[in-house]
Enquirer: 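My questions will all concern the structure given below.
Below, all heavy atoms of this structure are taken into account, side chains as well, without hydrogens, waters or symmetry copies.
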Amino acid sequence: MTAPASNGLRCSLIMVGEIRTGLVMNRVALPTRAVAELLSVVAGERVRSYERPVRRTVSPDLLHGVDCRLSTAPGARLRGIGTLQARGRVVGGRVLQCSTRAVLETGSGLRLPWTHYVERPGVVEVTGRSTPTDLAARFVAGCGPDSLEPGAVNALLLARLQRSRLLDQRPPLRTRRTRLRWSAVVDDSSPRFGGTFTLVGDELRTFRIVVPPSAGASPDHITLLCEDLAFHDWLLTTVAAAADRARAGRGAAIGLMRLRPVVDDLVHLWMPGAVVAPGFRDIWDQWEAHAGFTRQWSACVDRVRDRLALLESRLPTGPGPG
């Protein structure tokens, strides 16, 4: 979709999506074979697994048909018809993400047979008049009734996976799930990345990104970048919360029980930008320079390890050998 926007942008690609991230509901990290079975959500379709630089497994894509309104300027009448593309991803056998996305393209204005839309997976055709930046901004700001809502697809997929018979429902940590609602515009005139990441509340985050054509952007590249951001934001949020709860806990044994799973299962997973496409690593450099994600992470992990050492020193010691 190449469309002029009111501010002079020329956009060759517009995408929207949402990602939900949480702990796998199991006492121990799942081995790769068990994760592959968990993510076998489409019969006959291959589950993809990777061991380097961090162990991760990705499900086949699921398609969900939509015919709904789109949030836009007052008085405008827009509809989106097509398919949303959803998938599950497990990192380190421990963290589950459900991710749903759509590419927005200008439609013909006619309601075509469903075979037309099914043949274009992950594309929602837009009927009506609007600008790319308006669509992207209003999607991130929130949906009205009956409007495009990829988060609903994520909620269904997440519930399906977390209720699997493969999981014992005994996670070692109490954690909060997070939601990242995002939009991306490939701006043919932009020389560099631009974006805004916002913590809206305890669970919701929003992310708007402008991508330069030099990044070699594809829907898969953009989706992977957003999944990587959502994953590392969840890690930072979860480890910080665990450190706070351990400080408030009663007794060394309870504190150790809360902190050991953090060190055993989560700390080694911090690798921002390691799995994104090469053209997208610049955006991680920008985030590190301005927001200092890794500086925050290092400080947080130091707190956890210091607290862990203090709690271990307070454990009663048994009698020495007779």
Side-chain angles (χ1 to χ4, degrees), residues 15 17-26 29-30 32 35 38-39 47-59 85-101 150-151 154-155 157-158 161-162 171 173 175-184 195 197-200 202-209 219-242 261-277 280-281 283-288 291-298 300-301 304:
M15 291 186 67
E18 186 176 300
I19 302 159
R20 300 198 179 192
T21 308
L23 195 71
V24 173
M25 298 295 286
N26 203 62
L30 294 177
T32 300
V35 174
L38 175 70
L39 296 181
V47 175
R48 293 167 291 156
S49 295
Y50 310 87
E51 292 296 326
R52 302 287 187 272
V54 61
R55 183 163 66 93
R56 62 201 189 281
T57 305
V58 183
S59 79
Q85 205 163 5
R87 68 185 185 187
R89 186 174 90 134
V90 173
V91 182
R94 195 26 112 194
V95 183
L96 172 63
Q97 292 187 293
C98 291
S99 175
T100 301
R101 76 189 196 199
N154 285 337
L157 180 56
L158 191 65
L161 295 175
Q162 294 283 38
L173 286 169
T175 65
R176 189 189 297 272
R177 293 173 183 169
T178 58
R179 282 194 303 138
L180 177 68
R181 192 172 182 86
W182 60 270
S183 68
F197 175 70
T198 305
L199 298 177
V200 179
D202 290 338
E203 297 183 10
L204 178 63
R205 291 87 167 90
T206 62
F207 179 45
R208 294 177 58 190
I209 184 172
D220 284 339
H221 292 161
I222 292 172
T223 302
L224 187 56
L225 172 72
C226 295
E227 289 172 344
D228 198 44
L229 174 60
F231 171 73
H232 286 89
D233 169 71
W234 180 88
L235 274 182
L236 183 58
T237 301
T238 299
V239 173
V262 172
V263 176
D264 292 344
D265 293 343
L266 299 182
V267 167
H268 66 286
L269 299 179
W270 184 265
M271 295 186 186
V275 301
V276 303
F280 283 76
R281 289 174 188 156
I283 189 66
W284 267 113
D285 293 339
Q286 291 183 30
W287 290 333
E288 293 289 12
F293 280 98
T294 296
R295 292 195 300 274
Q296 294 179 53
W297 172 257
S298 297
C300 189
V301 171
V304 168

Enquirer: Could you tell me the separation between the CD1 atom of Ile283 and the CG atom of Asp228, rounded to the nearest 0.5 Å?
Expert: 12.0 Å
Enquirer: Which heavy atom in Arg181 sits nearest to a heavy atom in Glu18, and how many Å separate them?
Expert: NH1-OE1, 3.0 Å
Enquirer: Applying side-chain hydrogen bond (donor to acceptor under 3.5 Å, both in side chains), name anything that partners Glu288, two or more places apart in sequence or on another chain.
Expert: Thr294
Enquirer: Any side-chain heavy-atom pair from Met25 and Leu96 closer than 4.5 angstrom?
Expert: no
Enquirer: Quick one: closest heavy-atom pair of Thr57 and Val47, and the distance?
Expert: CG2-CG1, 3.3 Å
Enquirer: To the nearest 0.5 Å, tell me how far Gln97 CD sits from Leu158 CG.
Expert: 10.5 Å
Enquirer: Search all heavy atoms of Glu227 against all heavy atoms of Ile19 and return the closest pair with its distance.
Expert: N-CD1, 3.4 Å
Enquirer: Considering residues at least two apart in sequence or located in another chain, which fulfil the side-chain hydrogen bond (donor to acceptor under 3.5 Å, both in side chains) criterion with Arg94?
Expert: Asp265
Enquirer: Does the gap between the ring centers of His232 and Trp284 come in under 6.0 Å?
Expert: yes
Enquirer: Would you check if Thr238 and Thr178 make a side-chain contact, meaning some heavy-atom pair closer than 4.5 Å?
Expert: no
Enquirer: May I ask you to test the Leu266-Trp234 pair for a side-chain heavy-atom distance under 4.5 Å?
Expert: yes
Enquirer: Nearest heavy-atom pair of Gly88 and Leu39: which atoms, and what distance?
Expert: O-CD1, 4.0 Å
Enquirer: Would you name the heavy atoms of Val267 and Trp297 that are closest together and state the gap between them?
Expert: O-CZ2, 3.6 Å
Enquirer: Yes or no on side-chain contact (heavy atoms from CB on, under 4.5 Å) for Leu224 and Phe280, after CA distance, side-chain angles and deciding distance?
Expert: CA-CA 10 Å; Leu224 187 56; Phe280 283 76; over 6 Å; no
Enquirer: Can you tell if the side chain of Leu30 reaches within under 4.5 Å of the side chain of Val90, non-hydrogen atoms only?
Expert: no
Enquirer: If you look at every heavy atom in Arg281 and Gly273, which pair is closest and at what distance?
Expert: NE-O, 3.6 Å
Enquirer: Going by heavy atoms in the side chains, are Leu235 and Trp270 under 4.5 Å from each other?
Expert: yes
Enquirer: Have Arg205 and Thr237 got a donor and an acceptor in their side chains that come within less than 3.5 Å?
Expert: yes
Enquirer: Between Phe197 and Phe207, how do the two ring planes meet: parallel, tilted or perpendicular, split at 30° and 60°?
Expert: perpendicular
Enquirer: Tell me, do Val95 and Leu269 make a side-chain contact under 4.5 Å, heavy atoms counted?
Expert: yes
Enquirer: Of Arg179, Arg177, Arg176, which is the lone residue that meets salt bridge (charged side-chain N to carboxylate O under 4.0 Å, His left out) with Glu203?
Expert: Arg176
Enquirer: For residues Arg101 and Asp220, determine if any side-chain heavy atom of one lies less than 4.5 Å from a side-chain heavy atom of the other.
Expert: yes
